[in-house]
Amino acid sequence: MDCPLLQERGASGNGMTDLTTSDLTVLGLETSCDETAAAVVRRGADGRVEVLSSVIASQIAEHAPYGGVVPEIAARSHVEAIDGIARQAMAEAGISFEGLSGVAATAGPGLIGGVMVGLSFGKAVALARGLPLVAVNHLEGHAVSARLAADIPYPFLLLLVSGGHCQLLEVGGIGACTRLGSTIDDAAGEAFDKIAKAMGLPYPGGPALEKMAVGGKPEAFPLPRALLGREGYDFSFSGLKTAAGRIAEKLTDDAQRRDLAAAVQEAIARQLTERTGRAMTAYARKHDGRDLRFVVAGGVAANKTVRARLEATASDAGFSFDAPPLIYCTDNAAMIALAGAERLALGLTDGMDAAARPRWPLDAVAAAANPTHAFGRKGAKA
Ligand code: KG4
Ligand code: ZN
């Protein structure tokens, strides 16, 4: 669409303020899966970050009867909720649209119907209010999410581990991510969800399985250890999913269910730490032992066992450890607003023709070199 209002803004925002050196207040919108979210984040010219509001409407109850996210239901639900959620985020932040520097909306990867809802809404707000639009990659949102609550300078090593994604990235800054490894089949969160479903646990499976694992004996059920010791930094969870699914069919009591849940959680944590530990060694070598910062982000980072294991691995390898507070691990709009603000500060804005994308790898070069890594439940796992 031709939109003179939004053209030629670039680094200069509305033409009066230099956004590269200003405090920026950004409305973020997130609709790529089963959460309708809106948030207002202020990023000072000195890089200081303040979350003024973060509203998340979960659709869990609507999808629970189906044991997973139903794309059509998700898209309809986003349409119904987005207006009210965005208004609420603005009201809680206590600012008017005149106080905004820009609007940031997730433009992918994700369920395309939902992504289109949030992105179209963002375009409408930008157009109506004369604000710059930033089309944000959801994965870049997760990548910056730990920076919402802590001052973590670039570069850092990132494990992004969620329902649709499982990858190790070197994050050099906005738009400068290099993928070191990725899942070759399922994402870790997907494995949690599918195994939990096979065990008869409620959706979403990750938190339910974590609860079930309390007091369980992981050694009761030996599970396959995929890719153990193999070169590189890729992940694989489908063998574990199949093996655990078979065991799940034969469970007879809650004690066994606890043991299986503990064994699955242990197996996932073990693979994540083993592959991440390898990546840390290579990263430390590349950076001559400097800038050794590790961040874990995404929904699975909410798992306490996974967090604790990764923290220990980081400490052993001489890395600092950061994970976003739990509310910013799972999908939220504050991370989208921050990614938008960081882009805006660099003069990176998008036009009304910004496309909603079901697949959108952060590291396009690595994805093109290894396209088998680029498919999944929510599009690009890679
Ligand atoms: O980041 P997120 O909200 O959405 C995606 O971008 O995928 O992650 C959701 C995923 C789901 O697979 C969910 O089961 C998993 O994160 N998850 C957990 C926990 N909390 C959420 N997995 C294990 N333990 C948890 N406590
Ligand atoms: Zn996500």
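A quick note: this is a predicted structure, and the numbers were derived from the prediction, not measured. Whatever order the structure lists ligands and atoms in, that order sets their numbers, starting from 1.
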May I ask whether [X] places a heavy atom under 4.0 Å from ligand 1?
X      : result
His142 : yes
His138 : yes
Gly164 : yes

Geometry only, no angles: is Asn303 polar-contacting ligand 1 at N/O separations under 3.5 Å?
yes
Has ligand 1 got any nitrogen or oxygen that is less than 3.5 angstrom from a nitrogen or oxygen of Glu35?
no
Is the shortest side-chain N to carboxylate O distance from [X] to [Y] below 4.0 Å?
X      : Y      : answer
Asp259 : Arg257 : no
Arg76  : Glu80  : no
Glu170 : Lys286 : yes
Glu190 : Lys241 : no

Taking atom types as modelled, is there a side-chain donor on Thr25 or Arg42 under 3.5 Å from an acceptor on the other?
yes
Counting only heavy atoms closer than 4.0 Å, does ligand 1 sit against the backbone of Asp193, its side chain, both, or neither?
side chain
Applying ring pair (Phe, Tyr, Trp, His ring centres under 6.0 Å) as the test, list every pair that has at least one member in residues 245-301; sequence neighbours left out.
Tyr283-His287, Tyr283-Phe319
Criterion side-chain contact (heavy atoms from CB on, under 4.5 Å) against Phe235, the qualifying member of Ile268, Thr183, Ile184
Thr183
Counting backbone and side chain alike, does His165 bring an N/O/S atom below 2.8 Å of the Zn ion (ligand 2)?
no
Does CE belonging to Met212 count more than 12 external heavy atoms closer than 6.0 Å?
yes
Just to verify, what does Phe156 make a ring-ring contact (aromatic ring centres under 6.0 Å, His included) with, not counting sequence neighbours?
Tyr154
At less than 4.0 angstrom from any non-hydrogen atom of [X], what atoms of ligand 1 do you find?
X      : result
Ser162 : 1 (O), 5 (C), 6 (O), 7 (O), 8 (O)
Glu210 : 24 (N), 25 (C), 26 (N)
Gly189 : 12 (O)

If you measure from atom 19 (C) of ligand 1 to every heavy atom of Ala196, Pro207, Pro109, which option wins on shortest distance?
Pro207
Among Ala269, Gly163, Gly299, closest by any non-hydrogen atom to atom 21 (C) of ligand 1
Gly299
Using the Zn ion (ligand 2) as the vertex, how large is the angle between NE2 of His142 and OD1 of Asp331, rounded to 10 degrees?
100°
